[in-house]
Amino acid sequence: MNKPLRKNQLSKSARRKMAAAPPSPVDVFKAEAAKAFVEGDYPRARQFITQALTLAPEDALLHAELASNFMQEAKYDLALRHLMGALKREPTNPKWLSGIGTILMLMDRYEDAVGFFEAVYQLDPENAMNVSRLVQLQMDLCKWEVYEDQKNKLRILDNDPANGDPFTTLLYVDDPAFQKKRAVTKMKKQLRLADFKQQNAFDRTATAGRRIRIGYFSNDFFNHATMLLMAQHFELHNSDRFEVFIYDYSNQPTNAYLQRVVKAADHHKPVHAMKDEDVAELARDDQLDIAIDLKGYTKGARPAIFAFRAAPVQISYLGYPGTTGLPTMDYFVADAVTVPKEGRRHFSEKIMYMPDCYQVNDNSRPRPEQTPTRADMGLPQDGVVFCAFNNHNKVSPAEFDIWMDLLKQVDGSVLWFLAGAEALRVNIRKEAEARGVSAERVVFADRCSTPDHIARLPLADIFLDTFACNAHTTASELMWSGVPVVTMPGQQFAARVAASIVSAVNCPELIAQSVDEYRDIALRLAQNPSELAALRAKITQNIPQTPLYDSEGYMKNFEALLELAIERYDNGLKPDHLHLD
């Protein structure tokens with residue numbers, strides 16, 4: 001039987017005839033839909049795709065394109081329906097399976113989504129984006145099979161570092177070199193940094209004799225962990241020396257935190273509807289001296305603003321506990337505990353060293369007027385309460401093994417675990433029983449309002465920290481509440497934050513240098529009520545006398561570092577590691 005001729009085997013005249021052949025109606029509709037899609041006219045694009053589907057109803061790609069179109073307008077229910085149509089026609093296509101998982105994830109239907117990513121992991125195991133989402137969801141659901149083949153998943157992610165969310169791997173593994181590689185590569189690919197115009201000339205004068213113009217960039221000006229820490233920060237700026245701009249790219253309704261920030265700042269600029277390049281241009285027109293990114297790679301981040309150079313000096317601060325990988329980000333705010341000298345190589349930025357703890361705190365926050373009882377929270381009146389109030393996706397079997405061992409050794413003790421969703425609770429109960437501990441000894445705490453959360457913290461006896469990513473805001477809240485935070489510093493910044501916070505309250509006895517010491521510290525405190533009581537009294541006494549909640553002293557140091565950074569720029573010097581001593 002003769003094989004069909006390939007196109008390159010045909011005569012020139014035959015190829016010309018083929019090239020001149022009119023496209024099919026389906027192809028015409030596809031081309032028009034693609035054009036409308038690029039122009040952002042999604043309803044028109046859908047009309048053409050729908051017309052094409054009437055002629056080719058079994059074309060899975062057309063169903064997927066219709067789903068993609070609805071995704072652009074966040075119409076997830078419709079997108080899901082049409083992508084399921086594509087899957088019906090091609091049930092083992094990993095693109096459709098992964099796409100369905102992504103839509104379900106965006107709809108916060110994690111339990112439904114994770115199965116699709118697990119299926120893709122079997123069909124297309126080297127797909128790094130799928131692995132990243134699979135890891136994220138399994139951790140979010142406390143499905144700890146995610147750790148059973150951790151080495152393989154890390155290999156896949158390392159082979160394709162540009163794909164996936166850098167924040168997910170911060171929680172998954174304590175490896176600062178791995179995190180930096182992912183951040184740097186992701187920025188090169190995502191932003192195509194080579195295409196960015198180098199903005200080196202700024203229409204400004206040196207800062208000598210005038211106020212320094214600083215801009216804070218974020219979308220977290222609401223009841224968010226960042227604002228819980230730094231709402232007072234804006235109020236404490238020296239208005240004789242600094243002119244403060246807020247570049248707000250949230251679309252949040254007005255709220256108490258936003259009102260507080262706007263009142264304290266000199267300028268509030270809502271920029272959520274502006275393109276990244278236009279936001280950077282606005283900041284340049286405002287003649288900013290220093291741009292401060294409060295986001296990094298957290299939700300809603302806009303790193304391209306800083307790739308376009310919003311200011312001569314650009315600083316990554318507070319929001320993201322790791323390097324941005326951006327060559328245009330000049331500094332990262334840290335301290336000697338979170339980034340010791342040997343840790344600098346894991347940052348593309350130079351380190352701006354705060355003399356005490358890098359973390360800002362608000363000493364004007366009110367104490368709770370009313371506090372619940374242990375009975376209100378379902379806790380035993382007399383037993384030791386070990387507290388695990390980190391986000392549940394930070395918890396791994398490594399910590400949980402120790403926590404269950406502590407429960408076995410301390411009669412009447414319980415683990416107070418923060419998890420609102422029943423699916424999480426089911427998995428944690430299962431893990432406890434698998435380690436020989438009755439599920440009843442894990443007492444779950446619901447998520448609640450910030451005042452109610454702060455009010456309940458003193459009911460805990462001992463807080464048990466997580467390893468790869470420590471407690472951050474939670475650690476400072478617990479110390480402020482007089483609760484000891486037992487921690488073990490790791491290698492990456494995110495794994496060293498709690499040690500910095502504990503050090504800033506002058507309680508080094510809570511910092512373990514090994515897993516065994518971590519267990520021993522917690523066990524000793526649990527078995528020695530007088531030592532635990534003395535330590536709690538020490539923490540309470542130290543809070544007003546040590547740097548962690550010295551908000552005014554923190555601001556003086558922070559502003560001094562800002563002055564050093566812009567002074568270097570004005571003197572024609574490149575960024576370098578900065579200290580105040």
Side-chain angles (χ1 to χ4, degrees), residues 37 40 42-43 45-46 49-50 53 60-124 127-143 145-146 163-169 171-172 190 219-220 222-225 249-253 272 295 297-302 391-394 418-428 446-448:
F37 187 90
Y42 304 120
R46 286 196 292 271
I49 298 172
T50 302
L53 275 170
L61 184 58
L62 284 173
H63 288 275
E65 287 179 355
L66 199 53
S68 177
N69 193 286
F70 280 118
M71 285 286 289
Q72 302 305 311
E73 296 180 330
K75 296 178 179 178
Y76 299 136
D77 286 333
L78 292 170
L80 181 61
R81 181 193 306 169
H82 288 285
L83 201 51
M84 290 296 289
L87 185 66
K88 179 180 178 181
R89 288 153 180 85
E90 296 178 358
T92 59
N93 188 323
K95 288 184 179 180
W96 314 150
L97 289 164
S98 183
I100 291 167
T102 300
I103 296 171
L104 291 169
M105 184 171 69
L106 291 170
M107 298 171 74
D108 294 329
R109 293 172 55 181
Y110 289 3
E111 293 173 73
D112 296 326
V114 70
F116 287 92
F117 294 127
E118 289 169 346
V120 175
Y121 188 48
Q122 300 301 317
L123 294 167
D124 184 16
N127 185 328
M129 179 62 78
N130 183 76
V131 168
S132 178
R133 290 171 179 165
L134 174 60
V135 168
Q136 178 184 339
L137 289 198
Q138 287 182 327
M139 293 174 68
D140 278 332
L141 292 168
C142 293
K143 295 186 67 173
E145 57 262 40
V146 68
N163 272 313
D165 178 13
F167 194 79
T168 297
T169 54
L171 310 183
Y172 192 47
Q190 179 176 317
N219 66 342
D220 291 331
F222 62 101
N223 184 20
H224 182 278
Y249 41 89
S250 72
N251 197 13
Q252 291 280 338
H272 68 272
K295 294 297 299 180
Y297 294 118
T298 54
K299 187 176 181 180
R302 295 178 63 175
N391 279 334
H392 58 268
N393 58 5
K394 294 182 180 182
L418 183 62
E422 183 58 27
L424 303 175
R425 297 181 177 193
V426 168
N427 288 337
I428 291 299
D446 288 315
R447 294 194 175 274
C448 60

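Count residues from 1 along the sequence.
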What residues form a side chain to side chain donor-acceptor pair (under 3.5 Å) with Arg302, not counting sequence neighbours? Asp276
Would a distance-only check, ignoring hydrogens and angles, find a side-chain to backbone donor-acceptor pair under 3.5 Å from Thr50 to Arg46? yes
Drop me the distance from Lys95's NZ to Leu123's CG, to the nearest 0.5 angstrom. 14.0 Å
Please report the interatomic distance CG(Leu97) to CG(Asn127), rounded to the nearest 0.5 Å. 11.0 Å
Qualifying residue for side-chain contact (heavy atoms from CB on, under 4.5 Å) with Met129, from Leu134, Asp165, Asn163: Asn163
Quick check: closest heavy atoms across Gly420 and Arg425, and the distance to 0.1 Å? O-NE, 3.8 Å
Looking at CG of Leu66 and CD1 of Ile49, how far apart are the two atoms once the value is rounded to the nearest 0.5 Å? 5.0 Å
Residues Ala45 and Asn69: closest non-hydrogen pair is CB-ND2, 3.2 Å
Decide yes or no on salt bridge (charged side-chain N to carboxylate O under 4.0 Å, His left out) for Glu111 and Lys143, but give the supporting numbers first. CA-CA 10 Å; Glu111 293 173 73; Lys143 295 186 67 173; over 6 Å; no
Nearest heavy-atom approach of Val120 to Ser98 is CG2-N, 3.6 Å
Does anything in residues 63-120 pair up under ring pair (Phe, Tyr, Trp, His ring centres under 6.0 Å), and if so which pairs, sequence neighbours excluded? Phe70-His82
Interatomic distance, Arg109 atom CZ to Ile100 atom CD1 [nearest 0.5 angstrom]: 11.0 Å
Minimum heavy-atom separation for Phe37 and Tyr42, please, with both atom names. O-CE2, 3.8 Å
Working note: Glu118 + Glu145, criterion side-chain contact (heavy atoms from CB on, under 4.5 Å); need CA distance, chi angles, decisive distance, verdict. CA-CA 11 Å; Glu118 289 169 346; Glu145 57 262 40; 4.2 Å; yes
By the definition side-chain contact (heavy atoms from CB on, under 4.5 Å), identify the one residue from Asp140, Leu137, Val135, Leu141 that meets it with Asn393. Asp140
Which heavy atom in Pro94 sits nearest to a heavy atom in Asp124, and how many Å separate them? CB-CB, 4.1 Å
Heavy-atom closest contact (Gly101 atom, Ala113 atom, distance): O-CB, 3.4 Å
Interatomic spacing from CG in Leu62 to CZ in Arg89 - rounded to 0.5 Å: 10.0 Å
Distance check, rounded to the nearest 0.5 Å: Cys448 atom SG versus Leu418 atom CG? 8.0 Å
Asn219: side-chain contact (heavy atoms from CB on, under 4.5 Å) partners, not counting sequence neighbours: Tyr249, Ser250, Lys295
Please evaluate residues Asp77 and Met107 with respect to the criterion side-chain contact (heavy atoms from CB on, under 4.5 Å), reporting the C-alpha separation (whole Å), side-chain torsions for both, the decisive distance (0.1 Å), and the verdict. CA-CA 9 Å; Asp77 286 333; Met107 298 171 74; 2.9 Å; yes
